[in-house]
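Remember, it's a predicted structure, so these values are computed and weren't measured experimentally. Every chain is numbered from 1 and lettered A, B, ... according to where its sequence line falls, protein lines coming before strand lines.
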Amino acid sequence: MPELPDVEIFSRLVRNHCRGHVITKATVLDPGIIEGVSGRALDQRLRGRRIEASRRHGKYLFIELNGGGAVAMHFGTNGSLRFTAEGEADPPYTRLRLNFARGTGLAYLNPRRIGRVSLCESPDAFIAHLDLGPDALDSAFDLRAFSAILKESKPGIKAVLMDQMLIAGIGNIYSDEILFQARINPDTPANRLDTKRVAQLFSAMHDTLETAILCGAGSEQGAERLPKGFLIPQRRKGGHCPGCGTSLATGKTGGRSSYFCPQCQPH
DNA sequence: TTAAGTGTTGCTCT
DNA sequence: AAGAGCAACACTTA
């Protein structure tokens, strides 16, 4: 679930509610989600640090601290972030909590415990180390750069959109949505898309991701607030194309299920 | 009731 | 060597 739009919402939550706050304590409720440091070391390194900024690259969130360094978060399959008020109990599945003065806090939730939190010297170094591709919404990542990547990729376009080393931020759900909006079949080899379709796809990628952010993806009601014409609310067994009403088709790529309209997205 | 499906990443296998 | 398959996990649906 947490793909680029969802993580963007989390990033804004940190920016709006946590920026400027000093961490008084880091409470590790589940050491399993922390990578590279012990719970004790994490607490020691975070105590007294102030949150300066929040930024996102692909599906990763970076909480930047004064004096350098950042907390890097990945949300796996169903993680999320919640700002907690004074006296508020930890939401279910809270794995880590950053405590601020006056009793407020930031809770990292992760029911399935897939996903992780770590410390890094700098987001840029972290991104380089993981060899992540450009963020899908980075303004420097233009049609020209997008086109160059597709031209050199022969796998199906869906697999290419989801490859974090090529383009960062798009997962199983939004790749289906983007391809539906662009009316392109998920199995089309990326390097076989003509110039016009590549431009349509690039535009659909931007529109879809930006619209999802505007609709508050990541929040509980996110999916329900998506505009008419989106595939996601119908993306299930027995779902129908929001455009033509045709029963959605399903496919499998690398163990991931894809949903698409056989009418609007023909081969 | 047991079994399959879900979502992301990283590893193994071919 | 690219591509498939699976493990990690907890929960829901068939």
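Contacts classified as side-chain hydrogen bond (donor to acceptor under 3.5 Å, both in side chains) and involving residues 254-265 of chain A (residues at least two apart or in different chains) are not found. Residue pairs meeting the salt bridge (charged side-chain N to carboxylate O under 4.0 Å, His left out) criterion with at least one member in residues 241-250 of chain A: none, sequence neighbours excluded.
For Arg235(A), the listed nucleotide lying nearest its side chain is dG7(B); candidates were dT6(B), dT9(B), dG7(B). Proximity note for Arg113(A) (side chain, C-beta onward) versus dG7(B), dA10(C), dG3(C): the nearest is dA10(C). The nucleotide whose nearest atom lies closest to any side-chain atom of Tyr259(A) is, among dG7(B), dG10(B), dT6(B), dT6(B). Comparing dC9(C), dG10(B), dG7(B) against the side chain of Ile173(A) picks out dG7(B) as the nearest. Residue Glu3(A) has its side chain nearest to dT8(B) when only dT8(B), dT6(B), dG10(B) are considered. Nearest to the side-chain atoms of Tyr93(A) among the listed nucleotides dT6(B), dC11(C), dA8(C) stands dC11(C).
Under 4.0 angstrom from either OP1 or OP2 of dC11(C) there lies no side-chain N or O belonging to Arg112(A). At the phosphate of dA14(C), neither OP1 nor OP2 sits under 4.0 Å from any side-chain N or O atom of Lys237(A). When the side-chain nitrogen and oxygen atoms of His74(A) are compared with OP1 and OP2 of dT9(B), one or more of them lie within a distance under 4.0 Å. Between dT6(B) and Ser257(A), a contact under 4.0 Å exists linking OP1 or OP2 to a side-chain N or O. An OP1 or OP2 oxygen of dA4(B) is reached within less than 4.0 angstrom by no side-chain nitrogen or oxygen of Lys252(A). Contact check, Arg236(A) against dT12(C): no side-chain N or O comes under 4.0 Å of OP1 or OP2.
We find that CD1 of Ile157(A) is positioned 13 Å from P of dG3(C), with the value rounded to whole Å. What separates CD1 of Ile33(A) from P of dC9(C) is a distance of 14 Å, to the nearest Å. Per the geometry, CG belonging to Leu109(A) stands 15 Å off P belonging to dA10(C), to the nearest Å. When the C1' atom of dT8(B) is taken as reference, atom CE of Met162(A) falls 10 Å away, rounded to whole Å. One can place CG of Asp30(A) at 12 Å from C1' of dA10(C), the figure rounded to the nearest angstrom. Per the geometry, CE belonging to Met165(A) stands 14 Å off C1' belonging to dC11(B), to the nearest Å. Following rounding to the nearest Å, Arg95(A) (CZ) and dC9(C) (P) show an atom-to-atom distance of 11 Å. Atom CG in Asn110(A) sits about 12 Å away from atom P in dC9(C), given to the nearest Å.
Leu61(A) and Leu96(A) end up in the same hydrophobic cluster when Ile, Leu, Val, Met, Phe, Trp and Tyr side chains are linked at under 4.5 Å.
A salt bridge is absent between Asp6(A) and Lys59(A); no separation between the charged side-chain nitrogens and carboxylate oxygens falls under 4.0 Å.
Within the 4.5 Å cutoff, side-chain heavy atoms of Ser153(A) are placed close to those of Leu166(A).
Of the residues near DNA chain C, Ile114(A) and Thr253(A), the one whose nearest nucleotide (by heavy atom distance) lies more toward the 5' end is Thr253(A). Both Lys154(A) and Pro111(A) sit near DNA chain C, but only Lys154(A) has its closest nucleotide nearer the 5' end. Taking the nucleotide of DNA chain B with the nearest heavy atom to each of Thr77(A) and Leu130(A), the more 5' of the two is matched to Thr77(A).
Using a 4.0 Å heavy-atom criterion, one finds that Asn78(A) contacts no nucleic acid atom at all. In this structure, Pro2(A) reaches neither bases nor backbone, as no heavy-atom distance under 4.0 Å exists between it and the strands shown.
Exactly one of Asp187(A), Asn185(A), Thr188(A), Asn172(A) qualifies for a side-chain hydrogen bond (donor to acceptor under 3.5 Å, both in side chains) with Lys158(A). That residue is Asn172(A).
Taken over five-pair windows at either terminus, the axes of the helix from dT2(B)-dA14(C) to dT14(B)-dA2(C) are inclined to one another by 60° (rounded to 10 degrees).
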Exercise. For Ile23(A) and Leu106(A), run side-chain contact (heavy atoms from CB on, under 4.5 Å): C-alpha distance rounded to whole Å, both residues' side-chain angles, the deciding distance at 0.1 Å, then the answer.
Key: CA-CA 10 Å; Ile23(A) 299 168; Leu106(A) 180 69; over 6 Å; no

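Ring orientation note: the planes of Phe141(A) and Phe146(A) are nearly perpendicular, at an angle over 60° on the 30°/60° scale.
Judged by atom type and distance alone, Arg256(A) does not reach the base of dG7(B) through any side-chain donor-acceptor pair under 3.5 Å.
In terms of heavy-atom proximity, Gly216(A) sits nearest to Ile9(A) at CA-CD1, 4.0 Å.
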